[in-house]
Protein chains: 2
Amino acid sequence: MRAHLYSGECLVQIAGECEITYVGRAASMAEAGDYLVVVKCDGSLQVHGPRGVKPVNWQPRTDELALSLEDGRALLRAERTSPAEMVQVAFLEPALVQALELRHASGFVLSGSEAQMQAALARNPELIEPGLSVLERELLVGVGGVDLYARDAQGRFVVVELKRGKATHEAVHQLERYVTAVRAQVAAPVRGILAAPAVTAPARTQLERLGLEFREVTALPVLEEEPLQPGLF
Amino acid sequence: MRAHLYSGECLVQIAGECEITYVGRAASMAEAGDYLVVVKCDGSLQVHGPRGVKPVNWQPRTDELALSLEDGRALLRAERTSPAEMVQVAFLEPALVQALELRHASGFVLSGSEAQMQAALARNPELIEPGLSVLERELLVGVGGVDLYARDAQGRFVVVELKRGKATHEAVHQLERYVTAVRAQVAAPVRGILAAPAVTAPARTQLERLGLEFREVTALPVLEEEPLQPGLF
DNA sequence: ATTTCTATGTCGGGA
DNA sequence: TCCCGACGTAGAAAT
């Protein structure tokens, strides 16, 4: 088991009764209970309780992983520096210990991400508005980047902020920041457009108050074959 | 196995070669590879690859969980409505199938949360600034709530935004929103203080630009007994 | 059900 | 390394 833990080739699982302690960015203590502990070959550790996707305790990256015996109980300790954090699992009554080899983990494709949406709209800006032509993607302005920087049919500059899900007031704030930054640099009218499949009511109100615009763009979370024409997802 | 899946009393694991499809807020496809699939008794599902804490695919809540046979391959399908999402796992070569009973998952205590920090600072506001007295916690102002609403030694109103970790420009924005909202309601000077253990450089710049303040407050994520002296974590 | 906020968020990319 | 922003964020609390 120890060999498997350190080999870097296996996923190791231990299930059973344990106590878990965490100290780091916060601190936590789980009293004795049944948990499933998973240590992956990259050293990441997660301790799962009976409910939910989120582990009870975890360690995304370990700089040091140590398995020891103390008072006849197995102690698993996963530490990392930066931030300094430690998760320790004390096994009171391990019910199951096993190692799995997850050999080939192959191609994973996600479609419908904001990056893809951005690429698609950069190629088809008329989906946002007829006559729009894109000047820049990810234009750096102060802190953060403008998703799309464009010019409309009347030659006015347009800042487009993109959201793949329902846009909230945070998105409006982001758009406003960028529009302000751009206006400070160019002495010409600058429009701001929030492009998303939907927008929350407060966000819409705020948009109107700020003189910004909303355009509904429908993200297409569809798994398509590789298109003949390169591009388009 | 099917019985365990539907019994609602076990955590079911299946490891082996599979293909995973997800369609919902986005869409994804994982080619055949080795994965560990975990279905908890609350219906949550997660598919783990060889690396990282985060699953490759997941479903936090399932309204419908179906196990079927198709072309001689087992198909596990987890669906939920609102948002409409579906994860489907096709098992090509299951290497391991097992059910675990995670009986008692007992007391879990986390310390160092923002809520605790807020409670501690509400009891000891002088940790933020001498002469400060707290008027309200979680004061509702428009949308969202002011962490601490206080009055300083000179009688000025103070809006305090709290962060348990390093404060970013988002925290500054939040503070700014609240200060603006409060200023719109009271016709008196209103100060804004961002209280956190640290602040990023851009956030500090932005604070100064907006005439807001930063106070270092050190969170102590230590598991302690209930202190005799009330207050101070 | 919708909106907002916290989180030990995690993760990846860029300066 | 720090900083920033996206994420199918998840999950909880309040409306």
Side-chain angles (χ1 to χ4, degrees), chain A residues 20-28 42 44-47 51-61 78 80-87 110-118 138 140 142-145 147 161-171 174 198-203 219 221, chain B residues 22-28 42 44 46-47 51-61 80-87 110-118 138 140 142-147 161-171 174 177-178 198-204 219 221:
Chain A
I20 310 128
T21 311
Y22 158 74
V23 181
R25 284 166 290 180
S28 77
D42 63 349
S44 65
L45 171 144
Q46 43 198 309
V47 183
R51 285 168 12 185
V53 164
K54 196 184 159 195
V56 175
N57 283 104
W58 67 93
Q59 191 70 281
R61 211 184 61 232
R80 72 159 158 175
T81 36
S82 179
E85 290 186 296
M86 188 267 299
V87 174
L110 177 75
S111 85
S113 65
E114 184 177 306
Q116 289 202 0
M117 197 171 158
Q118 187 186 116
E138 291 296 339
L140 290 177
V143 58
D147 285 340
E161 173 65 26
L162 222 58
K163 284 298 161 211
R164 55 165 300 291
K166 189 177 270 198
T168 69
H169 61 89
E170 276 309 315
Q174 224 169 102
V199 62
T200 65
Chain B
Y22 159 74
V23 181
R25 283 168 287 181
S28 78
D42 63 350
S44 66
Q46 44 198 307
V47 182
R51 285 167 15 184
V53 164
K54 196 183 158 195
V56 176
N57 281 107
W58 66 92
Q59 192 70 282
R61 209 184 64 232
R80 73 158 156 175
T81 36
S82 181
E85 291 185 295
M86 187 268 298
V87 175
L110 177 78
S111 86
S113 66
E114 184 179 307
Q116 288 198 3
M117 199 172 158
Q118 186 188 115
E138 291 295 341
L140 291 176
V143 59
V146 172
D147 285 340
E161 174 63 28
L162 221 58
K163 284 298 161 211
R164 59 166 302 290
K166 188 176 271 197
T168 68
H169 62 93
E170 278 309 313
Q174 220 170 103
R177 258 173 54 214
Y178 297 146
V199 61
T200 66
R204 186 182 278 277

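Below, chains carry the letters A, B, ... as their sequence lines are ordered, and counting in each starts from 1. Remember, it's a predicted structure, so these values are computed and weren't measured experimentally.
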Return whichever of A:T168 or B:E114 has its heavy-atom-nearest nucleotide of DNA chain C closer to the 5' end. A:T168

In terms of the nearest nucleotide of DNA chain C, which residue is placed more toward the 5' end: A:A201 or B:K163? A:A201

I'd like to check the side-chain hydrogen bond (donor to acceptor under 3.5 Å, both in side chains) partners of [X]; sequence neighbours left out, ordered by chain and number.
X: A:S44; answer: A:D42
X: B:N57; answer: B:S28
X: B:T81; answer: B:D63

Please confirm whether the backbone N or O of B:L110 pairs with a side-chain atom of B:Q116, one donor and one acceptor, at under 3.5 Å? yes

Test your reading of the model: is there a side-chain donor-acceptor pair from A:Q59 to the backbone of A:A78, 3.5 Å cut-off? yes

Pairs under 3.5 angstrom, nitrogen or oxygen only, protein versus nucleotides 13-15 of chain D, please.
none

Within this structure, what is the [atom1]-to-[atom2] distance between [X] and [N], rounded to whole angstrom?
X: A:E138; N: D:dG5; atom1: CD; atom2: P; result: 10 Å
X: B:D42; N: D:dG11; atom1: CG; atom2: C1'; result: 12 Å
X: B:R25; N: D:dG8; atom1: CZ; atom2: P; result: 8 Å

What interatomic distance, in whole Å, is found between [atom1] of [M] and the corresponding atom of [N]?
N: C:dT8; M: C:dT4; atom1: P; answer: 22 Å
N: C:dG14; M: D:dG8; atom1: C1'; answer: 24 Å
N: D:dC7; M: C:dA7; atom1: P; answer: 22 Å

With sequence neighbours excluded, residues passing salt bridge (Lys or Arg N to Asp or Glu O under 4.0 Å) with [X]:
X: A:R164; result: none
X: B:E138; result: none
X: A:E161; result: A:K163

Scan [X] against the nucleic acid and name what it touches under 4.0 Å (heavy atoms): base, sugar-phosphate only, or nothing.
X: B:P83; value: nothing
X: B:Q46; value: nothing
X: B:P60; value: base
X: B:R51; value: nothing

Whether B:K54 contacts D:dA10 is assessed here as follows: a side-chain N or O lying under 4.0 Å from the phosphate OP1 or OP2. Is that the case? no

Qualifying residues under side-chain contact (heavy atoms from CB on, under 4.5 Å), relative to A:P60, sequence neighbours excluded: A:W58, A:R80, B:V53

Ranking A:G52 and B:E170 by the position along DNA chain D of their nearest nucleotide, the one closer to 5' is B:E170

DNA chain D: A:R61 or A:L110, which has the more 5' nearest nucleotide? A:R61

Can you find a donor-acceptor pair, distance only, under 3.5 Å between A:Q174 side chain and D:dG5 base? no

Checking D:dC3, D:dG5, D:dC7 against the side chain of B:K166 (C-beta onward), the nearest is D:dC3

Can you find a heavy atom in the side chain of B:K166 that is under 4.5 Å from one in the side chain of B:T200? yes

Going 5' to 3' on DNA chain C, which nucleotide is the first and which the last to come under 4.0 Å of a heavy atom in chain B? C:dT4 to C:dC11

